[in-house]
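Here's the structure, in structure tokens; my notes come after.
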Amino acid sequence: MNDSTPRRVRVRAPELIGKGGWLNTGGEQYTLADLRGRIVILDFWTFCCINCLHVLDELRELEEKHRDTVVIIGVHSPKFVHEAEHRAVVDAVERYGVEHPVLDDPELATWKQYAVRAWPTLVVIDPEGYVVAQHAGEGHAHAIARLVEELEQEHETKGTLRRGDGPYVPPEPEPTTLRFPGKALLLPSGTFLVSDTTRHQLVELAADGETVVRRIGSGLRGFSDGPAGAATFSEPQGLALLDDGAVVVADTVNHALRRLDLATGSVTTLAGTGNQWWQGSPTSGPAREVDLSSPWDVAVFGGRVWIAMAGVHQLWAYDPEAATVAVEAGTTNEGLVDGPGDQAWFAQPSGLAVSADGERLWLADSETSALRWVDRDGAVHTAVGTGLFDFGHRDGAAEQALLQHPLGVTALPDGSVAVSDTYNHALRRYDPATGEVTTLATDLREPSDAVLAGEDIVVVESARHRLTRLRLPEEAVQVASVAHRTQRAATEVAPGRLRLEVVFQAPAGQKLDTRYGPSTRLLVSSTPPELLLKGEGADTDLARELELNPSISEGVLHVSAMAASCDDDPANEYPACHVHQQDWGVPVRVTEGGANRLPLVLAGMDAE
């Protein structure tokens, strides 16, 4: 090793273990020894997590550029019970276009070996099998790319770098009409428009819900306007009719709203730049100049297009007359908090529908497994759901009913609402008049949306790649109740004082951006709120003294951290800057003899 090569802490990488086995390898099983000589990047993810989906997209360029030296391995580490099903993981790998090997780890064995605390987390292993970096959250692709180049040079010199094809073997494509469709819309003509998400297209189906009338989009992932056969999308989702008869499309991975002219099939862009919104970016302004973040659904409410902005846990609105966008509700903090729009918390809002009387905007808040609504004054209310870590399938009174990661809502003519209860494979119903939750249908494979068609309800069965027509039943289906909590092990902490430390070190070649004041932010809260006697709230210091209530035996600490760093080059007047951010939900058990320090790694680059 020459003197200019940075020296790193040598920590041997634990073995990769997953009861579900390997995907995208043509049936081969791998160990770290099999990958010796390659730079390995472990991506700890779960398919419900929008931040994880962002990281999948961040890594695509690095994956392509360094294909002969880098092997990315997704370690699927489930939060929800449904995500521990092997078939569901297989579906998710195809649904989101994952083009690298994936280890299915339903029991979180490898997660625990690497002491991971949050989704997503990236771990870099050098060609000799040592861990050299770990990052939590998104926004780290630039730092990892720089580290990869250093490792390539270092191990090329040492003779420990092995170039060549990686272990990725793509699955055989299946010839279905739709492939993991997301949302559907009944058009005035009686046909259905469906977002064919994995194929990056919109598909118009005849009234039978099966016969293809036309396809809009080339089918290639991209971001270009134009006629039906040339325009491109990237994993489109939500659809809504505009007053002028056109359709607005939530083009999710392009972070944009698109407009489809139904008469001509041409596609134009209404809002978004194609870039993902980050903390500090504008939250209002001309629609084509403001960044968005994973818009998942759209609905016209009060004359504006409301947007379920899953990527930042907010609701935004697009004003067609002024061609502007603005935040309407949500703080970007992830959780379940009701109240005025500017104080409410959401967790990946993914489905929108306007009530039959036009007075409520219903929303499926997927990560809190909640059904919520916004009134005409912009205040946010919760009908069903309690928070990030409680979910299941339980009917009855709304305050004790449970859902599991719902993605869609459908307003019914009687004032009730149908919920596409995605991870329960069910269609549920909430009646505001009685406050009761019932089950309308089961055995629907990952329903993600539903639309009314006469006396029927047509469900988007995403994982069965089809629309399924059901007659709305007069009586609810009876199912056995089941309740779940996240399976992550709780961290044992001592009652009283607990020092929380978010560890952040700017990547090599960068420094904290302090030109305009503090460049860090830390927000802390808890479930239940009584768990924290001291330390709740926001501040700029990444370390904080908390005080835990000794009378509360267990709960969840919610921690949100952000740090901004810029390239450290005095000669560059306009250095490139990067935002690192992560939300943690840390289950804790308060017990004598527990830890009095809780470290969380936001970005841990190689130590000198």
task = For S234 and R221, test the side chains for any donor-to-acceptor distance below 3.5 angstrom and give the result as yes or no.
result = yes
request  = To the nearest 0.5 angstrom, please state how far the CD atom of Q343 sits from the CG atom of N333.
outcome  = 12.0 Å
request  = Would you check if H86 and L23 make a side-chain contact, meaning some heavy-atom pair closer than 4.5 Å?
outcome  = yes
message = Under the criterion side-chain hydrogen bond (donor to acceptor under 3.5 Å, both in side chains), I'd like the reasoning laid out for T160 against R36: C-alpha separation, chi angles, the key distance, then a yes or no.
response = CA-CA 9 Å; T160 50; R36 200 61 45 81; over 6 Å; no
ask   = Counting N and O atoms only, with roles assigned by atom type, does the side chain of T46 sit under 3.5 Å from a partner on the main chain of C49, one being a donor and the other an acceptor?
value = no
inquiry  = Donor-acceptor pair, distance only, cut-off 3.5 Å: does the side chain of E15 make one with the backbone of L32?
reply    = yes
key: Exercise: do T69 and E152 side chains pair donor with acceptor under 3.5 Å   = yes
message = Can you pull out every salt bridge (charged side-chain N to carboxylate O under 4.0 Å, His left out) where at least one residue sits in residues 330-352? Sequence neighbours excluded, please.
response = D338-R372
query = Counting distance only, does the side-chain N/O of S293 pair as donor-acceptor with the main-chain N or O of D291 below 3.5 Å?
reply = no
inquiry  = Pairing donors with acceptors under 3.5 angstrom, does anything connect the side chains of Q237 and T252?
reply    = no
inquiry  = Is any side-chain heavy atom of T25 closer than 4.5 Å to one of Y30?
reply    = yes
ask   = Hey, are Q314 and W316 close enough side-chain-wise for a donor-acceptor pair under 3.5 Å?
value = yes
task = Could you tell me whether a side-chain N or O of T197 sits under 3.5 Å from a main-chain N or O of G182, the two making a donor and an acceptor?
result = yes
key: L546 side chain reached by L598 side chain, heavy atoms, under 4.5 Å   = no
key: Shortest non-hydrogen separation from P406 to A364 and the atoms involved   = O-CB, 3.7 Å
request  = Would you give the length of the straight line joining atom CD of E235 to atom OG1 of T198, rounded to the nearest 0.5 angstrom?
outcome  = 6.5 Å
query = Say you draw a straight line from NE2 of H255 to CG of N275; how long is it, rounded to the nearest 0.5 Å?
reply = 8.0 Å
request  = Could you please spell out the steps behind the side-chain contact (heavy atoms from CB on, under 4.5 Å) verdict for V556 and H558?
outcome  = CA-CA 6 Å; V556 178; H558 305 286; 3.6 Å; yes
Expected output: side-chain N24 to main-chain V98 donor-acceptor under 3.5 Å = yes
request  = Evaluate side-chain contact (heavy atoms from CB on, under 4.5 Å) for D126 paired with E154, printing each intermediate quantity in order.
outcome  = CA-CA 10 Å; D126 73 13; E154 175 184 339; 5.7 Å; no
Flag side-chain contact, heavy atom, 4.5 Å: V55 against N51 = no
ask   = So with a 6.0 Å cut-off around CD of E61, is the heavy-atom count from everything else above 12?
value = no
task = Take E63 and H100 through the side-chain hydrogen bond (donor to acceptor under 3.5 Å, both in side chains) test and state the conclusion after the steps.
result = CA-CA 9 Å; E63 191 168 25; H100 51 249; 2.8 Å; yes
Closest heavy-atom pair and its distance - P120, D43 = CB-OD1, 4.3 Å
ask   = Atom CD1 of I144 and atom CG of L62: how far apart are they, to the nearest 0.5 Å?
value = 7.5 Å
ask   = What closest approach, in Å, do A543 and L522 show between heavy atoms, and which atom pair accounts for it?
value = N-CD2, 4.3 Å
key: side-chain hydrogen bond (donor to acceptor under 3.5 Å, both in side chains) partner of H82, chosen from E446, R87, H405, Q404   = E446
task = Say whether E530 and N549, considering side chains only, have a donor N or O and an acceptor N or O under 3.5 Å apart.
result = no
inquiry  = If you define the side chain from C-beta out and look only at heavy atoms, does anything of I39 sit under 4.5 Å from V71?
reply    = no
ask   = Can a donor-acceptor pair be found between the side chains of T121 and H135 at a distance below 3.5 Å?
value = no
request  = For side-chain contact (heavy atoms from CB on, under 4.5 Å), just list the numbers for V327 and M309, CA-CA rounded to whole Å, side-chain angles, deciding distance to a tenth of an Å, and then say yes or no.
outcome  = CA-CA 9 Å; V327 174; M309 203 74 79; over 6 Å; no
key: Those residues that, when tested against K19, pass side chain to side chain donor-acceptor pair (under 3.5 Å) (two or more places apart)   = E107
query = Do H313 and I50 have side-chain heavy atoms sitting under 4.5 Å apart?
reply = yes
inquiry  = Would Q276 and E138 count as a side-chain hydrogen bond (donor to acceptor under 3.5 Å, both in side chains) here? Give the steps.
reply    = CA-CA 11 Å; Q276 182 184 338; E138 49 184 304; 2.8 Å; yes
ask   = Are K79 and F389 in a cation-pi setup, meaning NZ or CZ lies under 6.0 angstrom from the ring centre and within 45 degrees of the ring axis?
value = yes
request  = Check whether any side-chain N or O of Q153 sits under 3.5 Å from a backbone N or O of E150 as a donor-acceptor pair, and report yes or no.
outcome  = no
ask   = Judged by atom type as modelled, is there a donor-acceptor pair below 3.5 Å linking the side chain of R38 to the main-chain atoms of R162?
value = yes
request  = Locate the shortest heavy-atom distance separating P167 from P101; write the atom from each residue and the value.
outcome  = CG-CG, 3.7 Å
Side chain R497, main chain E547, donor-acceptor under 3.5 Å = no
ask   = More than 12 non-hydrogen atoms from neighbouring residues, nucleotides or ligands closer than 6.0 Å to CD on E592, yes or no?
value = no
ask   = From L531 CG over to S526 OG, what is the distance, rounded to the nearest 0.5 angstrom?
value = 4.5 Å
Ring center gap for W111 and W45 short of 6.0 angstrom = no
task = Check whether any side-chain heavy atom of V601 sits under 4.5 Å from a side-chain heavy atom of V502, and report yes or no.
result = no
key: Validation row: L557, S525 side chains within 4.5 angstrom (heavy atoms)   = no
message = Between R499 and E501, does the salt bridge (Lys or Arg N to Asp or Glu O under 4.0 Å) criterion hold? Intermediate values first, please.
response = CA-CA 6 Å; R499 181 167 179 80; E501 296 177 355; 2.8 Å; yes
request  = Mark yes or no for whether S350, through its side chain, and Q348, through its backbone, hold a donor-acceptor pair below 3.5 Å.
outcome  = yes
key: Y114 ring center within less than 6.0 Å of F44 ring center   = yes
inquiry  = Please check this pair: side chain of D105 against backbone of T110, looking for a donor-acceptor N/O pair closer than 3.5 Å.
reply    = yes
remark   = In short, A401 meets V384 closest at the heavy-atom pair O-CG1, 3.8 Å
From L292 atom CG to W277 atom CH2, the distance as rounded to the nearest 0.5 Å = 11.0 Å
query = Run the side-chain contact (heavy atoms from CB on, under 4.5 Å) check on E83 and C48 step by step: do they pass?
reply = CA-CA 8 Å; E83 293 174 308; C48 72; 2.9 Å; yes
note = On a heavy-atom basis, the closest approach of A426 and P447 is O-CG, 3.5 Å
